[in-house]
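Note sheet for the following structure.
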There are 2 protein chains.
Amino acid sequence: MPILPISIVMQLTDLTARQIRYYEEQQLISPARTEGNKRMFSLNDVDALLEIKDYLEQGLNVAGIRKLYETKETPINDQAEPKTLSDAELRSLLREEMKHQARPFDRAFHRQGDLSRFFK
Amino acid sequence: MPILPISIVMQLTDLTARQIRYYEEQQLISPARTEGNKRMFSLNDVDALLEIKDYLEQGLNVAGIRKLYETKETPINDQAEPKTLSDAELRSLLREEMKHQARPFDRAFHRQGDLSRFFK
DNA sequence: AATTCGTGTCAGAAAATATAACATTGGTTT
DNA sequence: AAACCAATGTTATATTTTCTGACACGAATT
């Protein structure tokens with residue numbers, strides 16, 4: 001259900017329009033479009049953006065995040081758990097994280113439901 | 001939480017922009033405004049609009065609906081049950097309804113939660 | 001020093017929304 | 001029947017929001 005304009009998503013995620021559009025360009029999200037080509041976001045999109053933000057803050061780069069979600073039919077949400085990674089992929093990602101002294105995956109995996117704080 | 005632009009509210013309620021603006025003018029709802037003066041609706045606003053639509057279809061007029069919700073601090077939502085009406089008020093409203101052969105209050109009172117069908 | 005990545009910023013165009021005025025439709029009243 | 005009024009449609013014009021694309025910049029990498 002795409003119901004949110006980018007301005008609201010900016011507030012909800014504390015991301016700039018530039019960042020949001022960039023993540024779309026990098027295929028991390030695929031918001032819907034109105035007839036007039038305006039982006040419209042679903043709550044899932046917002047969830048995804050919060051997750052992306054979290055990963056970035058943990059030191060992952062966009063390519064790494066994309067890898068995490070690269071599955072045939074499964075964009076960035078629509079799945080309870082991020083896909084299973086090959087050993088090689090996993091080691092690669094972890095190495096990436098180490099370089100930025102971020103503790104390995106934790107918070108991002110619990111992002112599910114974070115949006116709830118916006119709705120009483 | 002005002003998060004929805006009028007275009008989405010139109011889809012959600014199947015009302016025209018004209019109708020929505022008119023109901024605001026008639027003080028049935030008070031959507032928030034952006035800095036640039038664009039209306040932004042909360043889910044409560046949408047709920048209220050669905051309720052308004054229902055009442056209108058039952059034959060009530062805007063004045064009657066406004067009466068229903070006329071309370072100091074309580075606009076149209078923010079209350080589990082529409083306010084208690086004086087006998088005079090109630091009789092007046094019922095008379096109004098009779099004229100339009102609508103069965104007395106029923107569906108509108110159960111509108112709460114109707115929005116859920118939009119969110120899985 | 002030259003690249004790359006993620007983001008900021010700016011310009012110009014197009015879409016969405018705002019207000020205001022006038023028109024129409026249906027029922028009510030005189 | 002004529003005049004009214006409430007609710008909504010329609011149209012015009014103004015303003016805001018969003019879009020794309022280009023260029024800039026700082027921090028890493030190579």
Side-chain angles (χ1 to χ4, degrees), chain A residues 2-41 45 49 51-67 92-93 95-102, chain B residues 2-41 45-46 49 51-68 92-93 95-102:
Chain A
I3 52 174
L4 310 172
I6 198 170
S7 53
I8 294 297
V9 175
M10 292 172 61
Q11 297 176 196
L12 258 33
T13 61
D14 203 44
L15 292 169
T16 65
R18 182 68 167 94
Q19 290 174 300
I20 296 171
R21 295 191 192 112
Y22 180 67
Y23 302 151
E24 177 186 24
E25 183 184 313
Q26 296 299 310
Q27 329 226 36
L28 298 184
I29 54 173
S30 328
R33 297 288 183 133
T34 65
E35 286 193 7
N37 202 36
K38 263 63 184 153
R39 270 168 269 253
M40 283 305 231
F41 302 76
D45 289 326
L49 285 170
E51 204 167 303
I52 291 166
K53 191 183 172 193
D54 218 63
Y55 279 134
L56 286 173
E57 281 163 4
Q58 288 182 36
L60 287 198
N61 60 20
V62 167
I65 300 174
R66 197 187 309 115
K67 250 313 191 278
S92 156
L93 283 167
R95 237 182 295 114
E96 183 78 30
E97 291 218 29
M98 309 282 243
K99 285 205 295 198
H100 300 277
Q101 81 286 326
Chain B
I3 53 174
L4 309 173
I6 198 170
S7 54
I8 295 297
V9 175
M10 291 170 64
Q11 299 176 194
L12 259 33
T13 61
D14 203 43
L15 291 169
T16 65
R18 182 66 166 96
Q19 291 176 299
I20 296 171
R21 296 192 191 111
Y22 180 68
Y23 302 151
E24 177 187 23
E25 184 185 313
Q26 297 299 311
Q27 326 226 39
L28 298 184
I29 54 173
S30 330
R33 297 288 185 133
T34 66
E35 288 193 5
N37 201 38
K38 263 69 183 136
R39 271 167 267 254
M40 283 305 227
F41 302 75
D45 289 327
V46 177
L49 286 170
E51 204 166 304
I52 291 166
K53 192 184 169 192
D54 218 63
Y55 279 134
L56 286 173
E57 282 164 4
Q58 287 183 36
L60 287 200
N61 61 19
V62 168
I65 299 174
R66 197 187 311 113
K67 239 339 183 259
L68 264 181
S92 157
L93 284 167
R95 236 180 297 114
E96 183 78 28
E97 292 217 31
M98 308 282 243
K99 284 203 296 198
H100 300 279
Q101 80 288 325

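Numbered from 1 within each chain, the chains take letters A, B, ... in sequence-line order.
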Taking atom [atom2] of [N] as reference, at what distance in whole Å does atom [atom1] of [X] sit?
| X | N | atom1 | atom2 | result |
| --- | --- | --- | --- | --- |
| A:Arg66 | C:dC5 | CZ | C1' | 12 Å |
| B:Met10 | C:dA18 | CE | C1' | 14 Å |
| B:Leu56 | C:dG27 | CG | P | 15 Å |
| A:Gln11 | D:dT17 | CD | P | 11 Å |
| A:Glu35 | D:dT18 | CD | C1' | 16 Å |
| B:Glu57 | D:dT8 | CD | P | 10 Å |
| B:Glu25 | C:dA18 | CD | P | 13 Å |
| B:Asn37 | C:dA20 | CG | P | 10 Å |

Nearest to the side chain of [X], which nucleotide is it out of [options]?
| X | options | answer |
| --- | --- | --- |
| B:Ile6 | C:dT17, C:dG6, D:dC19 | C:dT17 |
| B:Arg33 | C:dG8, C:dT7, C:dT19 | C:dT19 |
| A:Asn61 | C:dT7, D:dT20, C:dG6 | C:dG6 |
| A:Lys38 | C:dC5, C:dA15, D:dT8 | C:dA15 |

What is the distance from atom [atom1] of [X] to atom [atom2] of [Y], rounded to the nearest 0.5 Å?
| X | Y | atom1 | atom2 | value |
| --- | --- | --- | --- | --- |
| A:Leu15 | A:Ile52 | CG | CD1 | 8.5 Å |
| B:Leu28 | B:Asp45 | CG | CG | 11.5 Å |
| B:Arg33 | B:Arg39 | CZ | CZ | 4.0 Å |
| A:Glu57 | A:Asp54 | CD | CG | 6.0 Å |

Fill in the blank from the handout: Of B:Thr16 and A:Pro5, the one whose nearest nucleotide on DNA chain D sits closer to the 5' end is B:Thr16
Problem - Position toward the 5' end of DNA chain D (nearest nucleotide), A:Glu24 or B:Thr34 - result: B:Thr34
Practice task
Evaluate whether atom CD of A:Glu25 has more than 12 neighbouring non-hydrogen atoms of other residues, nucleotides or ligands under 6.0 angstrom away.
Solution key: yes
Under-3.5 Å N/O pairs linking protein and nucleotides 9-11 of chain C:
from, atom 1, to, atom 2, distance (Å)
C:dT9, O4, A:Arg18, NE, 3.2

Would you indicate, yes or no, if [N] has its OP1 or OP2 atom less than 4.0 angstrom from a side-chain nitrogen or oxygen of [X]?
| X | N | value |
| --- | --- | --- |
| B:Arg39 | C:dT17 | no |
| A:Tyr22 | C:dC5 | no |
| B:Tyr23 | D:dA7 | no |

Exercise for the section: Please answer whether the main-chain N or O of B:Thr13 pairs with a side-chain N or O of B:Lys53 as donor and acceptor at a distance below 3.5 Å. Expected result: yes
Handout entry: Side-chain donor or acceptor of B:Arg66 paired with backbone N/O of B:Gln27 under 3.5 Å
Key = no
Fill in the blank from the handout: Taking for A:Gln26 and for B:Ala17 the nucleotide of DNA chain C with the nearest heavy atom, the one nearer the 5' end belongs to A:Gln26
Practice task
For B:Arg21, report the nucleic acid contact type (base, sugar-phosphate, nothing); a contact means any heavy atom under 4.0 Å.
Solution key: base
Exercise for the section: Could you tell me which residues satisfy side-chain contact (heavy atoms from CB on, under 4.5 Å) with A:Ala32, sequence neighbours excluded, listed by chain and number? Expected result: A:Pro2
